[in-house]
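Atoms considered below: every heavy atom in the structure, side chains included; atoms not considered: hydrogens, waters and symmetry mates. Naming convention: chains lettered A, B, ... in sequence-line order (proteins, then strands); numbering from 1 in each chain.
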There are 2 protein chains.
Amino acid sequence: MRRPDDTAGEMLRRPISLANEVYEALYGQLMSLKIEPGSRISVDQLVRSLGVSQTPIREALSRLEAQGLVVKQHLLGFRAADQLDRARLNEIYEMRMMLEVFAAGRFAERRSKAELKELRSLDNEMKGIDAGQSRSAYGEFAKRDAAFHGFMAKRCGNELVFDTLNRFHIHVHLFRLHFHARATTDANKEHEQLMIAVENGNAAAAEEAMRHHLERSKSRFEGAFE
Amino acid sequence: MRRPDDTAGEMLRRPISLANEVYEALYGQLMSLKIEPGSRISVDQLVRSLGVSQTPIREALSRLEAQGLVVKQHLLGFRAADQLDRARLNEIYEMRMMLEVFAAGRFAERRSKAELKELRSLDNEMKGIDAGQSRSAYGEFAKRDAAFHGFMAKRCGNELVFDTLNRFHIHVHLFRLHFHARATTDANKEHEQLMIAVENGNAAAAEEAMRHHLERSKSRFEGAFE
DNA sequence: CAATCAAATATCCTATAGGATTTGATATCG
DNA sequence: CGATATCAAATCCTATAGGATATTTGATTG
């Protein structure tokens, strides 16, 4: 499943789909925690608040359910997915440990000069955001961090790896947001190690750097459960 | 308030969902290739042939789209997903190589006596089929093979790994069916190696056996592209 | 005859309505 | 007072209808 905003590139834009509009609206509200995890989502209420009929709303919710952002029970309706618990977070990190380490290695082997430049600039932007700043500053950091990881995943030569990781990133993002995570200088240092390995085209080193980064990242998050 | 006849514990049977019925019907037709890969799927035609309205049909198709069995284009409708091409098959095997090797290792560490017994009986059933070369016999083999792999994935301790693999397995199944894949005796030998490692609780050996099995499996399938 | 255009048909997308079920509030009983 | 039953409202699920778009058919022209 792709991000909702990758329709760019289509010169001929067909008339927009209402279902798509609703999807984006709900996606935004879920990602910003305006709709609380676990809370009920009534179709009829959305009909009134959004001013569109049930049909496109149900379709949008169906797609969100496929992404795991929403859960549906027959005759009971939709709910926003629950917050990640410890076990689930652990599962996600086990997956990332496999897929992102793979992606880092393959990207290190295939990356072009232009890609390196783009990635480096993302990295620099992140370093420009001070650690321990406000929550909105973290939003900017998180956006770059997701782009940084996604950049390598997308260019690892395996689209399934990218799609699968994308599914998880959404939930990690929500988790971070909920626990008021901050940008850290540690993460920047770990990214730097990864950048160097990638720039050298050293796949083994890139894999190791990514592994180390994910392990540290995980232990930083686990503090939230204490 | 409880109903008079729900003493069966979890089997709370709510009135069936039409959307669900349609989903199952279409799923079956797709999995048996009654609906050809790449062919168009018209909602209005299904309304006439299934005798239900558009709404549950659209919802069923939405779910199939999330599973990757169907693709939708705005204003153009739904199509059955294309057959796997070589690049895509390769991507799936790269993923399986990571996730199933992981699953085999974790399962070898955690498996109970009862689980071992169940897995062994599945394995034996497969070996009994092995001689038969007919197409229907292969169907039986494929069913067990899927159960065999799924059994370990489901018990590896990581539900995301299981869910992700499940998504791919559907496509592998279709691919196999289309190319009338055979060669079951080799697979049985490889399974035997895996069983031994699992029974010994030797995670490293189980991982290696799974890795070897997948490599061989992949090269068997690649013959279809020659 | 091939290519182009126009009308007719098929299909998709959205809106609306109504039956079925759940949920929440009120009343009743022990 | 607490628990259960009853009724009303909210909500879900499905059916149907109609406007918008795509596709096919048929006619016209070079």
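Residue Arg58(A) places its side chain closer to dC12(D) than to any other of dT21(D), dA15(D), dC12(D). Nearest nucleotide to the side chain of Asp44(B), out of dC12(C), dA15(D), dA15(C): dC12(C). With dT11(D), dA15(D), dT23(C) as the candidates, the nucleotide lying closest to the side chain of Thr55(B) is dA15(D). Which of dA15(C), dT14(D), dC12(D) sits closest to the side chain of Val43(A) comes down to dC12(D). Checking dA15(C), dC13(C), dA15(D) against the side-chain heavy atoms of His74(B) singles out dC13(C) as nearest. Nearest to the side chain of Ser53(A), among dT16(C), dT23(C), dC13(C), sits dT16(C).
Residue Leu75(A) contributes atom CG, which lies 13 Å from atom P of dA20(C) at whole-angstrom precision. Rounded to whole angstrom, the span from the CD1 atom of Ile41(B) across to the P atom of dA10(C) amounts to 20 Å. Here dA15(C) presents its P atom at 11 Å from CG of Leu50(A), a figure rounded to the nearest Å. Note: CZ (Arg40(B)) to P (dA22(D)) measures 11 Å, nearest angstrom. As rounded to whole Å, 9 Å separates atom P of dT14(C) from atom CG of Asn20(A). For the pair Arg48(B) CZ and dT16(D) P, the computed distance is 14 Å after rounding to whole Å. Counting to the nearest Å, the P atom of dC13(C) and the CD atom of Glu21(A) are 14 Å from each other. Atom-to-atom, NZ of Lys72(A) to P of dT11(D) comes out at 17 Å; the value is rounded to the nearest Å.
Residue Leu46(A) is out of contact with every strand shown, counting any heavy-atom pair closer than 4.0 Å. At a threshold of 4.0 angstrom between heavy atoms, the contacts of Ser42(A) are confined to the sugar-phosphate backbone, with no base atom among them. Among the protein residues, Ile57(B) comes within range of no part of the nucleic acid, since none of its heavy atoms lies under 4.0 Å from any strand. Heavy atoms of Gln54(A) sit under 4.0 angstrom from at least one base atom.
Phe221(A) contributes atom CZ, which lies 4.0 Å from atom CZ of Arg176(A) (distance to the nearest 0.5 angstrom).
Ion pairing of Lys72(B) with Glu59(A) is present here, as a side-chain N (NZ or NE/NH1/NH2) and a carboxylate O approach within less than 4.0 Å. Contact check on Glu140(B) versus Lys143(B) returns a salt bridge, with a Lys/Arg side-chain nitrogen under 4.0 Å from an Asp/Glu carboxylate oxygen.
Using a 4.0 Å cut-off, some side-chain N or O of Gln45(B) falls inside it from OP1 or OP2 of dT11(C).
The two residues Phe107(B) and Arg155(B) make their nearest non-hydrogen contact at CD1-CB, 3.8 Å. Nearest heavy atoms, Ala80(A) versus Glu36(A): CB-O, 3.4 Å.
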